[in-house]
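Here's the structure, in structure tokens; my notes come after.
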There are 2 protein chains.
Amino acid sequence: MARLSDIIEIFLKDMLNDMHGSVEIQRNELAIRFNCVPSQINYVISTRFTNDKGYYVESRRGGGGCISIRRFNIDCAGDYLMHIISAIGDNLSQHTCEVFINNFTDYDIIAGREASLMRAALSDKALVEVPMEKRDNVRAAMLKNMMMSLTVL
Amino acid sequence: MARLSDIIEIFLKDMLNDMHGSVEIQRNELAIRFNCVPSQINYVISTRFTNDKGYYVESRRGGGGCISIRRFNIDCAGDYLMHIISAIGDNLSQHTCEVFINNFTDYDIIAGREASLMRAALSDKALVEVPMEKRDNVRAAMLKNMMMSLTVL
DNA sequence: GTATAATGAAAGTCAGAGAAAGTCAGATGT
DNA sequence: ACATCTGACTTTCTCTGACTTTCATTATAC
């Protein structure tokens, strides 16, 4: 929507695509371009370009400082998947699942319909009959299992 | 007669028709337009745009937040799917799921990868933590939910 | 000439304000 | 009785500004 954060996020992601997954920006410059306070840039980065969304961010302060954003290179989807699978713990909230699934689509590991299927399977609605205290546990097992099934194909 | 909820319901459904089954609204804006409290919108949505009436509702809070309503696509692959969905009972063994999934692939309703995702999600392995007596029940809910999600896009 | 101090130009942090939507119990209407 | 409506309160997300930290460059001291 008209959220500044979303606009900046898209701007940076487009930039990343153009630059093959690695950009360097100046915080103040970007803030001026989008007519906001510099710390807004930090907000966008810390909410949208986190480590577990597949980004690596570095920065340098002082004169001529800058922020560099790199996207993990996942040319081998299988490796990435295995990495994720092992990183998934034993409990996953519906919300955390969403984050994972969105990443997978961002990285073209799964298609839109596949994402809907996964969301549908993992939703609280589908799992309503599973006792609360087991639900996040079941979700973790399901997500792992589903991701596994993709590495085989 | 002419209850506000009905008026808002009709308004939203007209909007859905105009927008090919998918709208985004702002709760407060709508409340102002109909001169009611914002929570009235929640009431309308929760009573009229439920999942089993064929709608998907999502929302985002915070500045620039919104509510999005999508209608299942009942005409395309929909009729057949809806038929299938209603044919699925309340209990499904892993084996029965297999049969369904194989049928879906045979009739080109789902692709190969989609089938493996579904098998993975519905397998006994993924659902091992779900108590035995609930498992077939959960499976039915999951399969229905997954098939539903396909009718949207 | 080298070492240190001062200056300025970045980026970082964090708490708080603001802007939505969600919840729920109770009042009201039919 | 049941559906509808309201308002107070909660939660989540976004945005801002004051203040801090870090770095590079330039000026000063020896």
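Throughout, protein chains are lettered first and strands after them, A, B, ... in sequence-line order, and every chain is numbered starting at 1. As a basis for the values below, the full set of heavy atoms in this structure was taken, side chains included, without hydrogen atoms, waters or symmetry mates.
More than 12 heavy atoms of other residues, nucleotides or ligands shown are found within 6.0 angstrom of NZ on A/Lys125. B/Glu58 CD: 12 or fewer foreign heavy atoms inside a 6.0 Å radius.
Judged by distance alone, with hydrogens and angles left aside, the side-chain atoms of B/Arg135 form a donor-acceptor pair with the main-chain N or O of B/Val130 at under 3.5 Å. The backbone N or O of B/Asn137 sits nowhere less than 3.5 Å from a side-chain atom of B/Asp90 that would complete a donor-acceptor pair.
B/Leu122 contributes atom CG, which lies 8.5 Å from atom CD of B/Glu98 (distance to the nearest 0.5 angstrom).
Straight-line distance from the CG atom of A/Leu30 to the C1' atom of D/dT16: 16 Å, rounded to whole Å. Atoms CD1 (A/Ile67) and P (D/dT21) sit 19 Å apart, rounded to a whole Å. Distance, A/Glu29 CD to C/dA9 C1': 14 Å, rounded to whole Å. Taking atom CZ of B/Arg3 as the reference point, atom C1' of D/dC5 lies 12 Å away to the nearest angstrom. We find that CD of B/Gln26 is positioned 12 Å from P of C/dG22, with the value rounded to whole Å. In this structure, B/Ile32 atom CD1 and C/dA20 atom P are separated by 9 Å, rounded to whole Å.
Among the nucleotides D/dT16, C/dA10, C/dT23, the one closest to any side-chain atom of A/Gln40 is D/dT16. The side chain of B/Ser39 sits closest to D/dG7 out of D/dC15, D/dT16, D/dG7. The nucleotide whose nearest atom lies closest to any side-chain atom of A/Arg27 is, among D/dC15, C/dG12, C/dG22, C/dG12. Closest to the side chain of B/Leu4, from the set D/dC15, D/dC5, C/dA11, is D/dC5. Listed nucleotides C/dA11, D/dT16, D/dC5 differ in distance to A/Val37; the shortest reach to its side chain belongs to D/dT16.
Two residues, A/Ser59 and B/Glu58, neighbour DNA chain C, and the one matched to the more 5' nucleotide by heavy-atom proximity is A/Ser59.
Residues of residues 92-101 of chain A having a heavy atom closer than 4.0 Å to DNA chain C: none are found. Residues of residues 41-50 of chain B having a heavy atom closer than 4.0 Å to DNA chain D, listed by number: B/Tyr43, B/Arg48.
For the side-chain hydrogen bond (donor to acceptor under 3.5 Å, both in side chains) with B/Arg139, the lone residue among B/Asp124, B/Thr96, B/Asn91 that qualifies is B/Asp124.
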Look for any protein N or O under 3.5 Å of an N or O in nucleotides 22-24 of chain D and output each such pair with its distance, or none.
from	atom 1	to	atom 2	distance (Å)
D/dT22	O2	A/Gly62	N	3.2

Report, one line per pair, each donor and acceptor closer than 3.5 Å where one atom sits in a side chain of residues 9-16 of chain B; sequence neighbours left out.
from	atom 1	to	atom 2	distance (Å)
B/Glu9	OE1	B/Arg48	NE	3.1
B/Glu9	OE2	B/Lys13	NZ	2.8

Under 3.5 Å, which donor-acceptor pairs do the side chains of residues 31-44 of chain B form with other protein atoms, sequence neighbours left out?
from	atom 1	to	atom 2	distance (Å)
B/Gln40	NE2	B/Ser5	OG	3.0
B/Asn42	OD1	B/Arg27	NH1	2.6

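Counting only heavy atoms from C-beta outward, the side chains of A/Asn102 and A/Lys53 never approach each other to under 4.5 Å. Here the side chains of B/Leu127 and B/Lys134 are not in contact, with every heavy-atom distance at 4.5 Å or above.
Within the structure, a side-chain polar atom (N or O) of A/Ser5 is placed less than 4.0 Å from OP1 or OP2 of D/dC15. Close to C/dA21, at under 4.0 Å from its OP1 or OP2, lies a side-chain N or O of B/Asn28.
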Trace of the side-chain hydrogen bond (donor to acceptor under 3.5 Å, both in side chains) decision for B/Arg119 with A/Asn145: CA-CA 9 Å; B/Arg119 280 194 200 95; A/Asn145 225 38; over 6 Å; no
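Within the structure, ring-ring contact (aromatic ring centres under 6.0 Å, His included) contacts touching residues 110-138 of chain B (residues at least two apart or in different chains) do not occur.
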